[in-house]
Amino acid sequence: MSSIAFFGAVESGLLFGLVAFGVFIAFRVLDFPDLTVDGSFPLGAAVAATLIVTGWNPWLATAMAMVAGCMAGVVTAWLNVRLQILNLLASILTMIALYSINLRIMGKPNVALLGDETVFTPFENWDIPFYLINPIILTGFVLVVFFLLVRFMTSEIGLAMRATGVNDKMARANGVHTGRLTILGVAVANGLVGLAGALFAQSQGTADVTMGVGTIVIGLAAVIGGEAILSTRTIARWIFACLIGAVLYRLAIAVALNADWIGLKAQDLNLITAVLVTLAIVMPRMKLLKRRGGQA
Amino acid sequence: MIQVDNLEVTFGADTPLENRALRGLSLTIPEGQFVTVIGSNGAGKSTFLNALAGEVLADNGKILIDDQDVTRWPTNKRAGLVARVFQDPLAGTCEALTIEENMALALKRGHGRGLSRSIRHEYQKKFQEKLARLGLGLEKRLGDRMGLLSGGQRQAVSLLMATLQPMKILLLDEHTAALDPKTAAFVLELTKNIIEEQNLTALMVTHSMRQALDVGERTLMLHEGNIAFDVEGQDREGLDVPDLLALFSKTKGEELSDDSLLLG
Ligand SMILES: Nc1ncnc2c1ncn2[C@@H]1O[C@H](COP(=O)(O)OP(=O)(O)OP(=O)(O)O)[C@@H](O)[C@H]1O
Ligand SMILES: [Mg+2]
């Protein structure tokens, strides 16, 4: 594999690391199966690209993309907490609605960022191989988010959020406003996914309304993969595992796509990811069943 | 002081499965009183405790805590006034979190939560002191996940957690029922000591009539969503299990066997 392909995979792995953080908050911390992600990823891209094209400062545009992602999360969680719609269904409703909204925001199916200033532009003339620039900047982004997220999860509110996910009755008995924390958590999760979408659009130079398809499955693959390889003993390690899972996952995919003898094409990715996630979910259970069978 | 006035809770109202779990229950508990509650399965004991905690909202009637009407308050808002230990050791703690995280969560009951660190050195010292008195060696295991502890250890920690902050009433719903006899005795002893020391107002549900008479200062029996009898002071002293059964049939005009209470 060429250096360009390798670092391209690292770059996308870092971006999906942000998605993995979001998926981690929803699925692991809150136990809230949230598919909004497939809509909030292109939402972040659409908001950032549209604002940048109209001349906004790319940093502000990226921040707005995050806010938009948060709002999408608020809608999903609100449908669940206030209107008592099943969490999975609530997230599907938001995801579907976002498809229309994203088209409205962009006014067309895609927006190209040709020669517009992005958050990566100031570093373009850096005196290192061009394929290293984006991975380095994204590493910076991801590490900042990582530290903030760990700090948040170990705070009083973060602890209350974790309790809400694992034992909401106990959390309420200890004075935790579980509904409010669910809304906050799903909002933060989708804000991070919106940020990933915004950075993805800027690194690829385009935002497309269909770019969200499968985001959730890749995010899940990252989380489950990371958990399988690394320790999840503390919350910091667990979150770090999600990031590593995302990078390794993209690298593995790049390797597979590069090996001609496998005969994989890019369009097979979603199928492969879905199969891998299914296996990752089922395998530990199979082991358990076997062990039980052996005892009986 | 806890005042409950004509409390009614109906599950599945206006359906074929309508179940009037509480039927106009009234009760006043003065501050510092330790009340034990007995009653057969389905009598409404857990529902009564859930109604006090806010987990179940009353369809009718009033609940006042220190003259404040909390009838419509949700659980989390009442948490500053009501602390509880659940029957199921898994229910009262988070097994995925560590001992210190569980305690840190309980430490903020009734207080606002912010972005400052949930675990601090001074908290850890406090937790260690509290845990040390259990004599279970848990003070050296602050960072262990709760899921690693036995049921009895978890109930003991739950009890400590419930009493980290002041409360107006402590609710204990058969909190020793899931434990083996020896551990149950240990947790009950701990309960008695803590309630006495901190002079807590407490309501403890138990399935054992003997235990209901042995601990606390007042005993209630619930039956079909209401109070069948309520004894305290001199009337209660010297009572034995057969006396309770007699008391029940006298007030209710029904026979109740020892077994139906003890074994359900
Ligand atoms: N959430 C609920 N939905 C419907 N019915 C309920 C619910 N909770 C309790 N009940 C019913 O209300 C009645 C009172 O139940 P409760 O749990 O209060 O009894 P209990 O006195 O605690 O009994 P036990 O000794 O078995 O714990 C029962 O008939 C029960 O089936
Ligand atoms: Mg009960």
Side-chain angles (χ1 to χ4, degrees), chain A residues 24-32 81-82 84 145 147-185 187-188 191 223 227 231-239 241-242 284 288, chain B residues 49-50 52-56 73-86 88-98 100-120 123 143-148 154 158 161-162 164-165 167 170-171 173:
Chain A
F24 169 80
I25 297 173
F27 280 71
R28 289 297 188 256
V29 173
L30 286 172
D31 197 16
F32 191 115
V81 172
R82 289 274 171 276
Q84 320 241 302
V145 172
F147 283 113
L148 288 176
L149 189 55
V150 171
R151 180 64 184 75
F152 174 73
M153 284 300 165
T154 51
S155 73
E156 290 165 3
I157 294 181
L159 181 60
M161 188 181 283
R162 285 152 66 200
T164 299
V166 284
N167 189 345
D168 63 329
K169 193 173 174 193
M170 178 267 199
R172 275 197 301 277
N174 280 293
V176 175
H177 198 305
T178 52
R180 215 180 273 164
L181 283 185
T182 303
I183 294 176
L184 176 67
V188 172
V223 171
E227 288 170 343
S231 153
T232 57
R233 228 184 62 77
T234 66
I235 194 86
R237 286 187 194 196
W238 199 351
I239 298 174
C242 297
L288 213 72
Chain B
L49 263 59
N50 280 332
L52 287 175
E55 230 12 60
V56 168
W73 290 17
T75 309
N76 62 293
K77 195 173 169 190
R78 283 190 215 182
L81 306 172
V82 180
R84 63 189 310 199
V85 178
F86 297 95
D88 179 1
L90 303 178
T93 52
C94 290
E95 55 183 327
L97 304 183
T98 61
E100 60 183 358
E101 284 171 337
N102 271 282
M103 295 186 83
L105 192 76
L107 186 67
K108 292 286 161 183
R109 181 174 58 76
H111 292 270
R113 285 167 218 265
L115 286 171
S116 53
R117 287 184 192 283
S118 55
I119 310 280
R120 295 183 221 168
Y123 295 168
D144 276 4
R145 284 197 192 186
M146 207 68 186
L148 296 174
R154 284 175 80 156
S158 291
M161 282 164 58
L164 281 174
Q165 286 293 336
M167 77 219 56
L170 174 64
L171 305 176
D173 191 356

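All chains are named by letter (A, B, ...) in the order of the sequence lines, taking the proteins before the strands, and each is independently numbered beginning at 1.
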Would you name the heavy atoms of [X] and [Y] that are closest together and state the gap between them?
| X | Y | answer |
| --- | --- | --- |
| A:A163 | B:L105 | CB-CD2, 3.5 Å |
| B:S118 | A:L159 | CB-CD2, 3.8 Å |
| B:T93 | A:N167 | O-ND2, 3.0 Å |

Side chains of [X] and [Y] in contact at under 4.5 Å (non-hydrogen atoms):
| X | Y | answer |
| --- | --- | --- |
| B:R117 | A:T154 | yes |
| B:K77 | A:H177 | no |
| B:E95 | A:V166 | no |

Answer with side chain, backbone, both or neither: which region of [X] has an atom nearer than 4.5 Å to a non-hydrogen atom of chain A?
| X | result |
| --- | --- |
| B:A96 | side chain |
| B:L107 | neither |
| B:R145 | side chain |

- Mind ranking B:A53, B:G110, B:A91 by heavy-atom pairs under 4.5 Å with chain A and telling me who comes out on top?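 Counting heavy-atom pairs under 4.5 Å, the top option is B:A91.
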- Query: Yes or no on side chain to side chain contact (heavy atoms under 4.5 Å, CB included) for A:M170 and B:N102, after CA distance, side-chain angles and deciding distance?
  - Reply: CA-CA 10 Å; A:M170 178 267 199; B:N102 271 282; 3.4 Å; yes
- Chi angles and distances behind the side chain to side chain contact (heavy atoms under 4.5 Å, CB included) call for B:S116, A:E156: CA-CA 6 Å; B:S116 53; A:E156 290 165 3; 3.2 Å; yes
- Message: So does B:L115 get a backbone contact from the side chain of A:R151, meaning a donor-acceptor N/O pair under 3.5 Å?
- Response: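 Side chain of A:R151 to backbone of B:L115: a pair is present.
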- Task: For B:N76 and A:T178, indicate whether the former's side chain and the latter's backbone hold a donor-acceptor pair under 3.5 Å.
- Result: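 No, because the side chain of B:N76 does not come within donor-acceptor range (under 3.5 Å) of the backbone of A:T178.
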- Does the pair A:R172/B:E55 count as a salt bridge with the N-to-O cut at 4.0 Å?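 Between B:E55 and A:R172 there is a salt bridge, with a charged N closer than 4.0 Å to a carboxylate O.
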- Message: Using a 6.0 Å cut-off, check whether atom CZ of A:R237 has over 12 heavy atoms from anything other than its own residue.
- Response: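 Atom CZ in A:R237 is not crowded, with 12 or fewer foreign heavy atoms closer than 6.0 Å.
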- Message: If you apply the rule side chain to side chain contact (heavy atoms under 4.5 Å, CB included), what do you find for A:N174 with B:R113, and how did you get there?
- Response: CA-CA 11 Å; A:N174 280 293; B:R113 285 167 218 265; 4.3 Å; yes
